[in-house]
Protein chains: 2
Amino acid sequence: MSMQDTASSGVALWRLVADGIERGIADGRFAAGDKLPGEMEIAETYRVNRHTVRRALAALAERGLVRAERGSGTYVEAQKLAYPLRSRTRFSEIVGAGGREPRGQLIEATDDVATRELARELGLKTGAPLVRIEAIRLADRTPICVSTTWLSAELFPNAGAVFAATRSMTKLLEHYGVRDYRRGATRITAGIVDATDAARLDLALGRPILVVDATDHDLDGKPLMTKHSRFAAERVEFLVENG
Amino acid sequence: MSMQDTASSGVALWRLVADGIERGIADGRFAAGDKLPGEMEIAETYRVNRHTVRRALAALAERGLVRAERGSGTYVEAQKLAYPLRSRTRFSEIVGAGGREPRGQLIEATDDVATRELARELGLKTGAPLVRIEAIRLADRTPICVSTTWLSAELFPNAGAVFAATRSMTKLLEHYGVRDYRRGATRITAGIVDATDAARLDLALGRPILVVDATDHDLDGKPLMTKHSRFAAERVEFLVENG
DNA sequence: TGAAGTTGTCTATTAACATAGACAACTTCG
DNA sequence: CGAAGTTGTCTATGTTAATAGACAACTTCA
């Protein structure tokens with residue numbers, strides 16, 4: 001396959017090969033520790049020059065997914081985080097369950113006003129004052145997702161400062177007397193990471209992301225906050241346990 | 001932004017611009033019928049040459065997402081299919097609810113044997129005979145997803161032929177006396193389309209896909225079939241209605 | 001009508017992508 | 001050891017991607 005006989009997709013060939021191999025790792029065709037096929041063999045299966053395969057492998061190696069050993073072969077390194085989507089979903093619990101250290105980090109907290117869309121989600125009027133919190137969440141040192149959270153500025157004054165101190169949405173809500181909350185309807189789609197999120201997630205441009213929109217409610221069904229989260233698709237896998 | 005000052009991602013710049021605009025359409029910043037900013041303005045916001053913007057717009061136009069009008073501007077065309085993930089999910093009902101014509105098409109049906117993984121999902125023994133059905137599902141003329149379905153060859157003899165005739169999994173199960181069924185645990189992740197699926201979904205290489213793995217059970221909880229589906233992310237949006 | 005703003009088309013130049021072939025350096029295994 | 005198979009590095013060539021500038025063709029609106 002050369003660039004001129006396939007419809008130009010705007011994606012480099014080496015990138016397609018790298019994605020193919022990564023998929024193989026993701027779905028278990030290549031398990032952690034396994035040896036990948038030789039560069040020549042990969043080149044033949046993708047009908048591509050060996051140098052193109054080498055570039056693909058170099059990209060995967062740089063991301064820590066594989067490791068090349070001269071004279072021997074190239075070996076698989078990594079795994080994905082299982083992320084159950086339940087009504088009671090807590091990032092820290094999910095990550096902790098996998099034996100990893102959950103961390104949160106505030107990027108910025110700013111004042112905002114409700115668009116019609118946000119107002120509807122939060123049960124407020126259009127133009128109502130909001131706090132917008134931009135945060136990143138990690139498992140050990142690996143960024144998992146960035147999320148934008150909107151809360152009513154009247155119900156949660158100084159929410160930005162509280163989050164900066166607690167680094168946890170659950171603790172933030174506790175601070176305002178909310179003992180428990182549930183997740184409402186969740187919208188999931190996929191897309192390509194933009195430049196800003198790519199930098200925050202330490203993700204290469206053009207990588208796929210899982211986009212999750214959800215609104216959390218208290219136990220009486222009153223909306224508390226609405227979130228727009230972007231997950232590095234290569235690092236997580238959502239589990240919808242029935243529905 | 002030129003290719004040499006950003007870390008080379010293997011994704012062409014015009015493709016990043018196209019993805020950015022598409023995201024703008026997806027999340028409502030540009031609604032159907034809206035006029036996009038001028039090519040010069042887009043070029044400035046992405047810090048890119050106008051020709052690069054033109055290429056991005058040409059790609060979007062070819063996919064029918066936007067339409068350029070000389071001397072006037074470029075306008076938005078399309079929308080996404082809302083796809084609720086409930087325990088009782090029927091493709092035909094979801095598509096029909098949107099006023100579109102649901103269609104199914106058999107790609108191939110072959111005999112297969114259960115891997116350990118498949119056997120566990122279906123409650124069979126490793127090596128048990130299976131029927132593997134590869135099918136594509138469309139809304140009007142637009143391909144929405146391709147799915148690989150495995151069923152027990154003993155419980156559902158000639159399943160391939162039955163599906164080819166009925167073009168519906170629901171009708172296939174009815175044929176074997178299954179009146180109703182429910183979806184069990186569902187795993188969702190995202191990835192990049194491979195060459196085979198790209199052709200089947202009429203999707204450009206490098207586009208993101210939503211990957212859904214699920215097993216359907218009858219009302220007694222007995223596994224009926226397990227599916228591996230790949231959705232064109234740009235054409236659907238999953239709705240998880242609580243959980 | 002005329003000016004401003006829009007998309008369409010052309011030429012030209014530089015960097016990145018992909019191919020091809022050859023050989024070195026190293027590991028594994030009989 | 002020695003052969004086979006692996007990754008690492010080099011040179012070379014043609015194609016694609018992205019830049020830059022200029023101008024034509026068309027629409028909108030004062």
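Proteins come first, then strands; the chains are lettered A, B, ... in the order of their sequence lines, and each starts at number 1. Being a predicted model, the structure only gives us computed values, none of them experimental.
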Could you tell me how far apart [X] ([atom1]) and [N] ([atom2]) are, to the nearest whole angstrom?
X	N	atom1	atom2	value
B:W14	D:dT16	CH2	P	13 Å
B:I42	D:dA18	CD1	C1'	17 Å
A:E39	C:dG21	CD	P	17 Å
A:L16	C:dC17	CG	C1'	12 Å
A:R67	C:dT27	CZ	P	14 Å
B:R54	C:dT6	CZ	C1'	11 Å
B:R15	C:dA16	CZ	C1'	17 Å
A:L13	D:dT16	CG	P	12 Å

Rounded to the nearest 0.5 Å, how far apart are [atom1] of [X] and [atom2] of [Y]?
X	Y	atom1	atom2	result
A:S72	A:K35	OG	NZ	5.0 Å
A:E117	A:T126	CD	OG1	10.0 Å
A:L60	A:T74	CG	OG1	9.5 Å
B:I107	B:I133	CD1	CD1	11.5 Å
A:I209	A:D194	CD1	CG	6.5 Å

- Message: Tell me the bend of the helix from C:dT1-D:dA30 to C:dG30-D:dC1 as the angle between end helix axes, each from five pairs, rounded to the nearest 10 degrees.
- Response: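 Inter-axis angle at the ends, rounded: 30°.
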Using a cutoff of under 3.5 Å, can you pull out all pairs of nitrogen or oxygen atoms linking the protein to nucleotides 2-4 of chain D, with atom names and distances?
none

Phosphate OP1/OP2 of [N]: any [X] side-chain N/O under 4.0 Å:
X	N	value
B:N49	D:dA18	no
B:R55	D:dA17	yes
A:T74	D:dT6	no

- Can a salt bridge be assigned to the pair A:D19 and A:R15 using a cut-off of 4.0 Å between side-chain N and carboxylate O?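 Salt bridge between A:D19 and A:R15, a charged N being under 4.0 Å from a carboxylate O: yes.
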- Message: Show, in sequence, the C-alpha distance, side-chain angles and deciding distance for A:E134 and A:R230, and conclude whether the salt bridge (Lys or Arg N to Asp or Glu O under 4.0 Å) test is met.
- Response: CA-CA 11 Å; A:E134 202 86 17; A:R230 290 84 75 199; 3.2 Å; yes
- Is B:R50 side chain donor-acceptor paired with the C:dG8 base, going by distance under 3.5 Å alone? yes
- With B for base contact, S for sugar-phosphate-only contact and - for none (protein heavy atoms under 4.0 Å), nucleotides 25-30 of chain D reads BBB---
Of all heavy-atom pairs between [X] and [Y], which one has the smallest distance, and what is that distance?
X	Y	value
A:G73	A:Y75	O-CE1, 3.4 Å
B:F30	B:P37	CE2-CD, 3.8 Å
B:E121	B:T215	OE1-OG1, 2.7 Å
B:P143	B:R235	O-NH1, 2.8 Å

- Message: Does the plane of the ring in A:F238 sit parallel, tilted or perpendicular to the ring in A:Y83? Use 30° and 60° as the thresholds.
- Response: perpendicular
- Item | Which residue lies more 5' along DNA chain C, comparing A:T52 with B:H51 via nearest heavy atoms |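 Closest to the 5' end, via its nearest nucleotide, is B:H51.
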